[in-house]
Amino acid sequence: MKAKKIKVYIKTNKVRFPIPAVRFSTLRRILKLALKYTPKCIDHANGNTWRHLRSLSAYDIDQIIDQLQIEEPFELVDIKAYDGNEGSVIVKVYTE
């Protein structure tokens, strides 16, 4: 079974925030629009992070999503941490 969607799940002691699964085709369009319309002035404000994001092209996005689609479902991110203010924090990003 190949992955068709990506899902994000965030939970703290106070808030549980499941984000609905997003199809890869929708994610592809969202990312391309975000890259196209991200203001270039942000490059100077935040340094290297935005510089690296701005170096991505539509071709790179296609390659990443195509690779995610041919893989079996798996967890990309699984973080369990403790924050002094929020208590335990769980963040998961996975394909389904």
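In this text the structure is predicted, and so the values were computed from the model without any measurement.
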Asker: Return the set of residues passing side-chain hydrogen bond (donor to acceptor under 3.5 Å, both in side chains) with T12 (not counting sequence neighbours), or none when no residue passes.
Answerer: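 If we apply the side-chain hydrogen bond (donor to acceptor under 3.5 Å, both in side chains) test to T12, skipping adjacent residues, there are no hits.
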
Asker: Only counting residues at least two apart or in another chain, list the ones meeting side chain to side chain contact (heavy atoms under 4.5 Å, CB included) with V93.
Answerer: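 Checked V93 against side chain to side chain contact (heavy atoms under 4.5 Å, CB included); matches are I6, V8, L76, V77.
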
Asker: Start with the C-alpha gap between I90 and I79, add the side-chain angles, then the distance that decides, and say whether side-chain contact (heavy atoms from CB on, under 4.5 Å) holds.
Answerer: CA-CA 6 Å; I90 299 172; I79 299 172; over 6 Å; no

Asker: State the CD-OG1 distance between Q69 and T95, to the nearest 0.5 angstrom.
Answerer: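 Spacing of CD (Q69) from OG1 (T95) equals 10.5 Å.
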
Asker: Taking only residues two or more places apart in sequence, or in another chain, which ones meet Y59 in a side-chain hydrogen bond (donor to acceptor under 3.5 Å, both in side chains)?
Answerer: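 With sequence neighbours excluded, Y59 shows a side-chain hydrogen bond (donor to acceptor under 3.5 Å, both in side chains) to Q63, given in chain and number order.
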
Asker: Assigning hydrophobic clusters by single linkage (Ile, Leu, Val, Met, Phe, Trp, Tyr; side-chain heavy-atom cutoff under 4.5 Å), is Y9 placed with L27?
Answerer: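 In one cluster: no.
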
Asker: Kindly work out whether a path of hydrophobic side-chain contacts (I/L/V/M/F/W/Y, heavy atoms less than 4.5 Å apart) joins L68 to Y94.
Answerer: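 No, separate clusters.
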
Asker: Could you list the residues that satisfy side chain to side chain contact (heavy atoms under 4.5 Å, CB included) with E72, not counting sequence neighbours?
Answerer: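 For E72 the side chain to side chain contact (heavy atoms under 4.5 Å, CB included) partners, ignoring immediate neighbours, are M1.
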
Asker: For D78, check side chain to side chain contact (heavy atoms under 4.5 Å, CB included) against everything at least two apart and list the hits.
Answerer: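 Side chain to side chain contact (heavy atoms under 4.5 Å, CB included) list for D78, sorted by chain: E75, K80, K92.
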
Asker: What residue pairs, at least two apart or across chains, pass salt bridge (charged side-chain N to carboxylate O under 4.0 Å, His left out) with a residue in residues 8-28?
Answerer: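 Counting only pairs at least two positions apart or across chains, the salt bridge (charged side-chain N to carboxylate O under 4.0 Å, His left out) contacts touching residues 8-28 are R28-D62, R28-D66.
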
Asker: Would you say V22 ends up clustered with F17 if hydrophobic residues are merged whenever their side chains have heavy atoms under 4.5 Å apart, either directly or through other cluster members?
Answerer: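 Yes; tracing contacts between hydrophobic side chains, which count when under 4.5 Å, links both residues.
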
Asker: So with a 6.0 Å cut-off around CZ of F74, is the heavy-atom count from everything else above 12?
Answerer: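 Check passes, neighbour count above 12.
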
Asker: Test of understanding: with side chain to side chain contact (heavy atoms under 4.5 Å, CB included), list the residues that count as partners of A58, not counting sequence neighbours.
Answerer: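 Result, side chain to side chain contact (heavy atoms under 4.5 Å, CB included) vs A58: K32.
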
Asker: Which atom pair, heavy atoms only, marks the closest approach of E96 to P73?
Answerer: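 Smallest interatomic distance, heavy atoms only, reads CA-CB, 4.1 Å.
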
Asker: Kindly determine whether L31 and I65 satisfy side-chain contact (heavy atoms from CB on, under 4.5 Å), including the steps that lead there.
Answerer: CA-CA 10 Å; L31 290 175; I65 292 179; 4.3 Å; yes

Asker: For S88 versus N13, what's the shortest heavy-atom pair and its separation?
Answerer: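 Closest approach of S88 to N13: OG-OD1, 3.2 Å.
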
